[in-house]
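Throughout, a chain's letter reflects where its sequence line sits, starting with A, and its residues are numbered from 1. Small disclaimer: the values here were computed from a predicted structure and weren't measured.
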Amino acid sequence: MNVKTLLGERLQAALAQAGAAGAPPIVGPATRPEFGDYQANGALAAAKRLSTSPWELAQRVVDGADLTGIAARCEVTGPGFISLTIADEYLAQTLRGGRLDPVGGGSRVVIDYSHPNLAKEMQVHHLRSTIIGDAMARVLEALGYDVVRQNHVGDWGTNFGRLVAHLNDTGEDSEALGDLERFYTEASERFANDPAFAERARQVVVDLQGGDPQTLIRWQRYIDISMSHCQAVYDRLGVGLRPEHVRGESAYNDDLDGIAADLEAKGLVTESDGALCAFLDEFKGKDGKVVPIIVRKSDGGYVYHSTDLAAVRHRTGTLKAARVLYIVDARQSLHFRQLFALAERASYAAGASLEHHPFGMMLGADGRPFKTRAGGGTRLLDLLDEATERARRLVQTKNPALEADEVDRVAHAVGIGAVKYADLSKSRTGDYVFDWDAMMSFEGNTAPYLQYAYARIQSLFQRGRVEAGSLTGTPTIREPVEHALALQLVRFQETLEQVAATVMPHHLCTYLYDLAAAFMRFYETCPVLDSDARDDRLLLCRHTADTLSRGLGLLGIETVERM
RNA sequence: GCGCCCGUAGCUCAACUGGACAGAGCAUCGGCCUUCUAAGCCGGCGGUUGAAGGUUCGAGUCCUUCCGGGCGCGCCA
């Protein structure tokens, strides 16, 4: 149950009765404790339009609103705010322990995320797209949307010309592929310094796009090895991407001639310097000249505009998406604005909502692009190694009593969780500072704080010899800290709907942090096991544990029983 | 030059999209462990939200102009 939506409906009806039909109630959490749990600000704006007193209108809304059984208090405060306090009984009945209403109704959402470049191993800059996309996929699925994951891997184009050319020279069974990074570097150096090699590399691109069998075999060999590296990273990270979600640039190769012909037939492209381009007036660059969308290069090859157009058509046409979310870094903003505009004019959007959700760069503590400790490189695997290692040292310091295999599990959950949470907890629009010391201090708004809250509850259950699953019923709420905890628990649904709408997972992080903090306050104030209210409080603990676990799970973060 | 994003406490970040007195954590200072995990809880200190105008009953949020930073702007993706 989304309490915010429910309050909104009831207050909107009351506004209409009071003469302000259609006025939005504008319900949100109360900004201060003395204003209750929720507040509605709609009467202020509505009164302005009706030229009546805001206070009087708000009072009529309060008098007319049907909030029986929901609100314990509903009153006008200040110039015309409506302050609402939810009834304890209602909160208690609404507790769902992390279960969600399927508001998505099976609507299909395609999410394009991770999309590593297979020319080399995954780099740290692939982290953001991968984990934001993974979190969004999980959240939308949990809300009842029909999610289709699309890993639009970079497995095509000029990079692969030089790689396959180098593979041709070193031999099909090259041991060198064991070290993709070095192989890539060697190929790049030869391309830059050896004109004859560069010419062969360009020919390979033509052969690839033309479907030459021998070239495709070598290309496939390279792709397979690179993709297995990616899968290892996904497994290590615990993201839900699997081979069946891969639909790379190469998958659209056969569509490209058709796209070009179709755009020509629709009169959307013209030839310019030998290339086939679309010129959309709203996109201007240097010297005020229109920035072209290059559909086909002068050498007849295709670049990513065309591939992405084919992907749009696939997602809206074949997959029948209602929404397509592109979790791609902010530098691609112009590209996507151009892409969506051209797709619209070519009627490829098919009524679907095409959305680019950009994110900023990962910076080091020095404010420059982040590098790992291992050789100052940017391999994502090195970053994950370091995270787990740092977590292991910390876990051993904090709790020396843990068994060796338990240390492994906790170090993994905490290390990977800390990295993910540090990223997901920030609003994605800007750059963010990746600071090992801050995230590994494990204080404040971090994954380990949340994991710790969960472990404390599990410890309660163990100590009290309580089977969590046997805790059922509706608790009685007595204390203010219990009310605050129950209120926060009930806000799970509205928080996730907000995440789904904004594609901003950090709202879920903030929510979980507030939930854990509410629990910690409850835990400090209210004895559980040795209390007359034991059963009621155990129930609150169970709902908290379930919600923390579910919420962290939606972020792709594991919980542990002990830490 | 044009376009997009950003600028909030010493540091890292919020602020539910225009609502009440801008909130957390870190750092710093001070309290709380012979009872459920102190990776915790409670409190103090810390702000002209880059600047100046404007719209509004109300602006960190919207508009204009500056200042400062990042990114992008024709055959890579």
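Put simply, CZ on A:F336 is 15 Å from P on B:G72, counting in whole angstrom units.
Electrostatic pairing of A:D329 and A:R331 counts as a salt bridge here, judged by a charged N lying under 4.0 Å from a carboxylate O.
Below the 3.5 angstrom threshold, one finds a donor paired with an acceptor across the side chain of A:S272 and the base of B:G74.
The 12-atom threshold is not exceeded at CZ of A:R562, counting heavy atoms of other residues, nucleotides or ligands nearer than 6.0 Å.
Contact between the side-chain N/O atoms of A:R456 and the OP1/OP2 oxygens of B:G40 is not found at any separation under 4.0 Å.
The 5' end of RNA chain B is approached more closely, in terms of each residue's nearest nucleotide, by A:G444 than by the other of A:G444 and A:D431. Mapping A:R562 and A:D435 onto RNA chain B via the closest heavy atom, the residue that lands nearer the 5' end is A:D435.
Screening A:Y113, A:F336, A:Y326 for a ring pair (Phe, Tyr, Trp, His ring centres under 6.0 Å) with A:H356, the sole residue that qualifies is A:F336.
Contact annotation for A:C509: no contact, since no heavy-atom pair falls under 4.0 Å across all strands. Residue-level contact check: A:A275 touches the bases, meaning some heavy atom is under 4.0 Å from a base atom. Within the 4.0 angstrom heavy-atom criterion, only backbone atoms of the sugar-phosphate kind lie near A:T429; the bases stay farther away.
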*Decide yes or no on side-chain contact (heavy atoms from CB on, under 4.5 Å) for A:D308 and A:Y252, but give the supporting numbers first.*
CA-CA 9 Å; A:D308 282 347; A:Y252 299 103; over 6 Å; no

